[in-house]
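Notes follow the structure.
Atoms within a ligand are numbered from 1 in the order they appear, just like the ligands themselves. From a predicted model like this one, the values you see are computed outputs, not experimental measurements.
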Amino acid sequence: MLAMDPRPVGVFDSGVGGLTVLHECLVTMPNEDFVYLGDHARLPYGPRPLEEIRRFAREIGAYLSQQDVKLVLVACNAATSAALPRLQEELSVPVVGVIAPEAHAAVQATRNRHVGLLATAATVDAGRYDELVHALDAGISFHPVACPLLVPLIEGDDPYGEETERAAREYAAPLQAKGVDTVILGCTHYPLIRKIFERVFGRDVSLVFSAEETAREVAETLARKGVENERGREGVYRFLTTGDPAAFRELGRRFLQLPVREVEHVTVATLEEAAA
Ligand code: DGL
């Protein structure tokens, strides 16, 4: 008989960005349950020191473990950059992050070997993409650009507005000047404004997103470890936020484009206690 594990998969991000990854997971693993935590009270993570982001990620990892999840998916590039190895050391369940799958996809996609990265300041500073891209192809010219305005704009009132488009154009310009043919969107928030990036970069540039590859990695991990849920059942998903549940529901519905039913509030103090 096949092993079966009814525990949910835990997913977290600073805000709604990780919903891009959650969506792929829901499509790839429709039989699994998911619990998603958005740390809105402390968003954005990107401008913070890596040390602080690591602390937040460890608190959330500990909290999700207490919720009896069977795998933790770090659906945030900043948190993956700052804390993935540490979480893997500390937690007893498997921990999957978002950076390695994109680095791999970018190396495969580029033809002229000029690759750009758009990400938060924390992710650029951590340098994980440089390392991974160069581990796979040391001859690639790698061009990272920090985009501090994008996460607040995407979480704001007018994510698809002119201000967002202007910011995207500004961040894209140095990459276009370098002649990159592949751009990693190294923040899980960025696929939420995918259409803006597609318009800014045009057809000749391949845009690399993490969601699909990451969902595949989660599915493979569950399968190899023999902890999948029963096949044929329909999984459920629920949400937690350290911010305002009503605001999360609103934004979550807009971006996930699926019903967002249960949104519970969890305090930052509760997360801190989990890691204490
Ligand atoms: N979605 C997070 C990431 O992938 C955004 C970080 C932030 O809050 O600045 O990096």
Students should be able to answer this: which protein heavy-atom is nearest to [atom], and at what distance?
atom	result
atom 9 (O) of ligand 1	Gly46 N, 2.7 Å
atom 10 (O) of ligand 1	Ala78 N, 3.0 Å
atom 4 (O) of ligand 1	Asn77 N, 2.7 Å

Is any side-chain heavy atom of [Y] closer than 4.5 Å to one of [X]?
X	Y	result
Glu32	Lys70	yes
Leu271	Arg42	yes
Phe197	Val183	no
Glu165	Arg169	yes
Tyr237	Arg261	yes

At a 4.0 Å threshold, what atoms of ligand 1 neighbour a non-hydrogen atom of [X]?
X	value
His189	1 (N), 2 (C), 5 (C)
Thr120	6 (C), 9 (O), 10 (O)
Asp13	1 (N), 2 (C)

| task | Return yes or no for this condition: an N or O of Tyr45 is under 3.5 Å from an N or O of ligand 1. | result |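 So ligand 1 has an N or O lying under 3.5 Å from an N or O of Tyr45.
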| At a 4.0 Å cut-off, with the gap strictly under it, does some heavy atom of Gly15 reach an atom of ligand 1? |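 So Gly15 does not count as touching ligand 1.
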| said: Heavy-atom distances under 4.0 Å decide this one: backbone, side chain, both or neither, for Ser14 against ligand 1? | reply: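 For Ser14, the contact with ligand 1 is made by the side chain alone.
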| request: Look only at the side chain of Asp181 and the backbone of Asp204, and say whether a donor-acceptor pair between them is shorter than 3.5 Å. | output: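 Not a single qualifying donor-acceptor pair exists.
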| query | Does Glu163 CD have over 12 foreign heavy atoms under 6.0 Å away? | reply |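 Counting neighbours around CD of Glu163, 12 or fewer heavy atoms of other residues, nucleotides or ligands fall under 6.0 Å, so no.
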